[in-house]
Amino acid sequence: MIRFLLNQQEVSLSSADADLTLLDYIREQRRLSGTKEGCAAGDCGACTLVLAEPNSQSDGLFYRTVNSCITLMSAVHGKQLISVEHLSENNTLHPVQQALVDHHGSQCGFCTPGFIMSMFALYHQNAQPNRDDVLNALSGNLCRCTGYKPIIDATLAVCAQAPDDQFSRNETETLKQLLSFDTGTQGTPNLIMPTDRKALAHAKAQHPDAQLVAGSTDLSLQFTQQLKKGETLISLNAMSELKTCTTNEHSITIGAALPLNDAMPTLLKYFPTLAELLTRFASLPIRNQATIGGNVANASPIGDLPPVLLALDAKLHLDNGTDKRIVPIREFFTGYRQTQLASDEWLAHIEIPKLKPKQRLAAFKISKRMEDDISAVCAVFKLTLSDGTIKQVETGFGGVAATPVQCNALADALVGKTWSDKSCVALGKNILENAFSPIDDVRASADYRNTVLANLWHRFWLENQTNNTIQTRVVSHA
Ligand SMILES: Cc1cc2nc3c(=O)[nH]c(=O)nc-3n(C[C@H](O)[C@H](O)[C@H](O)COP(=O)(O)OP(=O)(O)OC[C@H]3O[C@@H](n4cnc5c(N)ncnc54)[C@H](O)[C@@H]3O)c2cc1C
Ligand code: FES
Ligand code: FES
């Protein structure tokens with residue numbers, strides 16, 4: 001059974017196609033056609049819906065935007081599904097809708113319901129957001145005619161007030177209802193939702209051809225773009241043991257099924273220099289669903305997190321329900337989209353060593369757009385110094401080979417050299433320019449990739465001098 005609230009109405013689904021998206025459910029089965037379909041690929045935000053769920057950090061609700069075109073029904077279990085039709089009350093526009101009218105934030109109106117839902121989630125989340133917070137909240141929404149200034153102004157104005165709407169008034173009652181959905185079997189016969197590792201192992205044994213699905217931001221494209229049929233899927237959405245985030249003296253351990261946005265506070269606490277890369281990973285609604293486990297397990301050569309995890313020497317905890325084993329990420333990728341995962345295994349946790357005092361970390365993402373774009377090249381460098389001498393250089397790169405890769409030759413050439421010595425720039429650039437044989441594709445040519453990789457080493461060197469450090473990035477768009 002999949003149980004949720006459609007606004008305030010309780011819904012129980014005993015059957016649903018495994019590949020049914022929230023968008024098709026809401027438009028075709030509930031006839032709520034305010035939510036639009038633009039790209040069906042998570043790229044435009046016309047389909048944005050909000051899922052409200054018990055907040056793990058407080059006793060209230062957390063309002064999460066999702067791209068409903070690539071979100072499966074398993075994501076809605078135990079949550080309140082809110083669409084644009086639910087916002088107005090007694091024929092009076094919701095404050096975010098009124099703000100968009102007052103600031104002239106809509107012309108043809110196609111993108112408007114999606115923007116409204118992103119504004120609505122921010123209205124409930126962040127008292128008095130600044131312009132960067134607003135840009136982050138709207139990062140998954142495209143508008144082709146109004147221009148963004150009126151929409152940003154409307155969002156800043158309405159979110160300056162404390163939330164005062166039917167949702168805040170009903171919060172206690174909504175929370176009580178949602179918590180009551182936690183009991184009983186979850187999922188449907190072909191969208192299986194195990195709740196512990198034994199049940200997950202059993203589901204995999206019973207359905208050897210069923211694919212695992214976590215945030216579905218990658219997998220769903222098989223259904224919406226390639227029009228494949230997903231007969232049976234095993235969702236990790238109810239696996240609370242895969243959604244934890246713990247730390248000890250030496251490392252942080254993140255559950256493979258925890259959405260990236262939920263892991264971000266911990267990641268940024270221990271690795272603050274990842275801020276730019278993480279906030280440029282797709283868009284907020286994608287990060288609200290996409291998991292680190294999915295990013296690693298899909299073994300894409302252009303994923304943004306494997307380079308980070310390579311440079312940080314992360315360990316992957318694999319499980320089959322009976323045995324667990326730990327594989328260093330440096331040994332995990334065995335070929336294009338190939339990994340060490342056995343057919344009965346899943347990725348359970350990712351363990352990341354903390355930085356030591358003399359270590360520096362930097363991540364660079366090169367893509368055509370700031371937001372919601374896949375990297376042409378991603379480069380991550382971790383440097384260990386002792387009294388200004390290079391002790392170790394660890395790396396992770398995306399977009400330059402068939403798998404995420406490292407460059408050991410860089411460390412071999414640089415260890416023992418004085419970091420501030422300018423010869424480190426030329427040496428590193430020369431090695432990186434010739435280290436890989438990337439391909440030409442729509443994102444970038446092979447020549448561009450090689451050149452940019454070498455130049456990123458130069459930027460890393462400039463940014464990390466003890467004296468005379470040079471800032472090479474745009475740090476605010478305010
Ligand atoms: C618009 C858009 C923008 C994007 N931008 C970026 C970007 O900037 N950077 C980037 O790196 N990626 C990006 N992506 C790709 C995608 O969002 C990420 O790869 C994401 O981390 C996938 O996680 P998921 O939980 O959604 O995976 P899913 O789609 O649920 O699964 C992906 C694959 O991993 C497998 N899998 C998932 N979890 C596990 C597990 N625990 N154990 C074993 N196998 C598992 C699934 O079976 C499936 O084969 C983007 C995608 C979209 C649609
Ligand atoms: S329709 Fe474009 S993001 Fe969903
Ligand atoms: S108002 Fe037309 S696309 Fe935004």
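Scope of the values below: all heavy atoms of this structure, side chains included, with no hydrogens, waters or symmetry mates. Just so you know, ligand 1 is whichever comes first in the structure, and atom 1 is the first atom listed for that ligand.
Using a 4.0 Å cut-off between charged nitrogen and carboxylate oxygen, D441 and R449 count as a salt-bridge pair. Classification of R31 and E85 as a salt-bridged pair fails, no side-chain N sitting under 4.0 Å from a carboxylate O. Between E463 and R473 there is a salt bridge, since a side-chain N of the basic residue sits under 4.0 Å from a carboxylate O of the acidic one.
Within 4.0 Å of atom 15 (C) of ligand 1, not a single protein heavy atom is present.
If you number the atoms of ligand 3 from 1 as listed, the ones under 4.0 Å from a heavy atom of C108 come out as 1 (S), 2 (Fe), 3 (S). Set against the non-hydrogen atoms of C39, the atoms of ligand 2 under 4.0 Å away are 1 (S), 2 (Fe), 3 (S). Within ligand 2, counting atoms from 1 as listed, the ones closer than 4.0 Å to a heavy atom of D43 are 3 (S). If you number the atoms of ligand 1 from 1 as listed, the ones under 4.0 Å from a heavy atom of G303 come out as 11 (O). When each atom of ligand 2 is checked for a heavy atom of N67 under 4.0 Å away, the hits are 3 (S). Of all the atoms in ligand 3, the ones that sit under 4.0 Å from a non-hydrogen atom of C145 are 1 (S), 2 (Fe), 3 (S). The C47 neighbourhood of ligand 2 comprises atoms 1 (S), 3 (S), 4 (Fe), with distances under 4.0 Å to a heavy atom of that residue. Those atoms of ligand 1 with a heavy atom of I374 less than 4.0 angstrom away are 4 (C), 5 (N), 6 (C), 13 (C), 14 (N), 50 (C). Heavy-atom proximity to G42, at under 4.0 Å, picks out these atoms of ligand 2: 3 (S). Of all atoms in ligand 3, numbered sequentially from 1 with element shown, those under 4.0 Å from a heavy atom of T146 are 1 (S). Under a 4.0 Å criterion applied to the non-hydrogen atoms of R144, ligand 3 contributes the atoms 3 (S), 4 (Fe). Residue A41 has at least one heavy-atom neighbour below 4.0 Å for each of these atoms of ligand 1: 1 (C), 53 (C). Residue Q107 has at least one heavy-atom neighbour below 4.0 Å for each of these atoms of ligand 3: 1 (S). Here is the list of ligand 1 atoms found below 4.0 Å of a heavy atom in A256: 41 (N). Short contacts between ligand 3 and G109, defined as distances under 4.0 Å to a heavy atom of the residue, involve ligand atoms 1 (S), 2 (Fe). If you number the atoms of ligand 1 from 1 as listed, the ones under 4.0 Å from a heavy atom of K365 come out as 7 (C), 8 (O).
Between T217 and A290 the shortest heavy-atom distance is OG1-CB, 3.6 Å.
Considering backbone and side-chain N/O of G42, none are found under 3.5 Å from N/O of ligand 1. Checking only distances, N298 does come within under 3.5 Å of ligand 1, N or O to N or O. Geometrically, ligand 1 and D43 share no nitrogen or oxygen pair separated by less than 3.5 Å. For a threshold of 3.5 Å applied to N or O pairs, the pair formed by V213 and ligand 1 contains no separation below that value. Taking distance alone, with nitrogen or oxygen atoms compared against 3.5 Å, D372 stays at or beyond that limit from ligand 1. The shortest N or O to N or O distance between L347 and ligand 1 is below 3.5 Å. On a distance-only criterion, G215 and ligand 1 share at least one N/O pair closer than 3.5 Å. The distance criterion of under 3.5 Å between nitrogen or oxygen atoms is not met by A290 with respect to ligand 1. The N/O atoms of S220, backbone and side chain alike, include none that comes under 3.5 Å of an N/O atom in ligand 1. Note: no N/O pair closer than 3.5 Å links W346 and ligand 1 by distance alone.
Not a single heavy atom of A257 sits less than 4.0 Å from an atom of ligand 1. For E345, the closest heavy-atom approach to ligand 1 does not fall below 4.0 Å. By the 4.0 Å heavy-atom criterion, I292 is excluded from the residues contacting ligand 1.
The only member of T291, L316, I252, I329 that meets side chain to side chain contact (heavy atoms under 4.5 Å, CB included) when paired with I350 is L316. Residue D262 is tested with K243, R64, Q57, R287 for a side chain to side chain contact (heavy atoms under 4.5 Å, CB included); the sole match is R64. Between P307 and the choices L312, V405, V380, the side chain to side chain contact (heavy atoms under 4.5 Å, CB included) rule is met once, by V380.
Side-chain polar atoms of D319 and H349 form no donor-acceptor pair below 3.5 angstrom. Side-chain contact of T112 with S106: a donor-acceptor pair under 3.5 Å is present, judged by distance alone. Side chains of N288 and T65: a donor on one and an acceptor on the other come within 3.5 Å.
Checking side-chain atoms of R337 against main-chain N and O of A299 turns up no donor-acceptor pair under 3.5 Å. A donor-acceptor pair under 3.5 Å is absent between the side-chain atoms of R360 and the main chain of K382, judged by distance alone. A donor-acceptor pair under 3.5 Å links the side-chain atoms of R27 to the main chain of T35, judged by distance alone.
Residue C69: no N/O/S atom is found under 2.8 Å from atom 2 (Fe) of ligand 2. For residue C44, an N/O/S atom approaches atom 2 (Fe) of ligand 2 to within less than 2.8 Å.
More than 12 heavy atoms of other residues, nucleotides or ligands sit less than 6.0 Å from atom NZ of K229.
Ring centroids of F181 and F4 are separated by 6.0 Å or more, keeping the two rings apart.
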> Are I70 and L23 close enough, and set up right, to give a side-chain contact (heavy atoms from CB on, under 4.5 Å), and what steps lead you there?
Replying inline: CA-CA 8 Å; I70 53 168; L23 180 66; over 6 Å; no
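Vertex atom 4 (Fe) of ligand 3, arms ending at SG of C111 and SG of C143: the angle is 100° after rounding to 10 degrees.
With sequence neighbours excluded, the residues that form a ring pair (Phe, Tyr, Trp, His ring centres under 6.0 Å) with F460 are F381, W419, W457.
With atom 49 (O) of ligand 1 as the reference point, the heavy atom nearest to it among I350, L318, L219 is part of L219. Proximity annotation for atom 19 (O) of ligand 1: of N295, T224, L260, L236, N295 comes nearest, heavy atoms only.
Given atom 1 (S) of ligand 2, the protein heavy atom at minimum distance is G38 N, 3.1 Å.
Classified by interplanar angle (parallel below 30°, tilted 30° to 60°, perpendicular above 60°), the ring pair H94/Y123 is perpendicular.
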